[in-house]
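Beneath this line is the structure, given in structure tokens, with notes to follow.
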Amino acid sequence: MAWWLFKSEPFKWSWAMQKKKGAAGEEWDGVRNYQARNNMRAMKLGDKGFFYHSNEGLEIVGIVEVCREAHPDSTSDDPRWECVDIRAVCDMPRPVSLKAVKANPCLQEMALVTSMRLSVQPVRAEEWREICRMGGLSAG
DNA sequence: GCCAACGTTGGC
DNA sequence: GCCAACGTTGGC
């Protein structure tokens, strides 16, 4: 089991929209960055991820899980681009802001801090646990 | 809206 | 294969 973080600008694709898709989930399409794509290729069914609102909000608002492994991105004709499908699992009881992440000494090496522009990021087990704790989720 | 950081492109 | 120009991301 691995953990990830998915960034989305809420006015393009919000947590509310993701939740409306329910258990069926939705393609995480539109990624045109090799590192982000490679992260998606590495994902396995059932892997968990944080859903982060960039640009507006700037906070982790929910938990998602991978419900389909990497496949061609239906929004691209270019076979280089692949994506996974993810579905909403639950809300973050208390959204964890970027500010709070940056202020936490345990999270200084998080990709969210060090690789600001990467839109699909790996999350370490201890980072996952810490953020769940901050967000009011007992079980990661 | 600005702009720094950074990824990508393309000429050489 | 280098690197300058350019485009995009995303925090502020």
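Chain letters run A, B, ... following the sequence lines, proteins first and then strands; every chain starts at 1.
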Please examine the side chains of A:Tyr52 and A:Trp15, heavy atoms only from C-beta on, and report whether any two atoms are closer than 4.5 Å. no

Judged by each residue's nearest nucleotide on DNA chain B, which is more toward the 5′ side, A:Thr114 or A:Arg80? A:Thr114

Heavy-atom pair with the smallest gap, counting every atom of A:Trp28 and A:Val120: NE1-CG2, 3.9 Å

First and last nucleotide of DNA chain B, 5' to 3', lying under 4.0 Å from heavy atoms of chain A: B:dA5 to B:dT8

By the 4.0 Å heavy-atom rule, please label A:Lys99 as base, sugar-phosphate, or nothing. nothing

Nearest-nucleotide check on DNA chain B, A:Met116 vs A:Tyr34; residue mapping nearer the 5' end is A:Met116

Mark yes or no for whether A:Arg87, through its side chain, and A:Ala23, through its backbone, hold a donor-acceptor pair below 3.5 Å. yes

For A:Glu126, does the CD atom sit with more than 12 other heavy atoms under 6.0 Å from it, leaving out its own atoms? yes

Using the side-chain hydrogen bond (donor to acceptor under 3.5 Å, both in side chains) rule, take A:Ser74 and A:Glu27 through it: C-alpha gap first, then chi angles, then the decisive distance, then the call. CA-CA 8 Å; A:Ser74 69; A:Glu27 267 193 6; 2.9 Å; yes

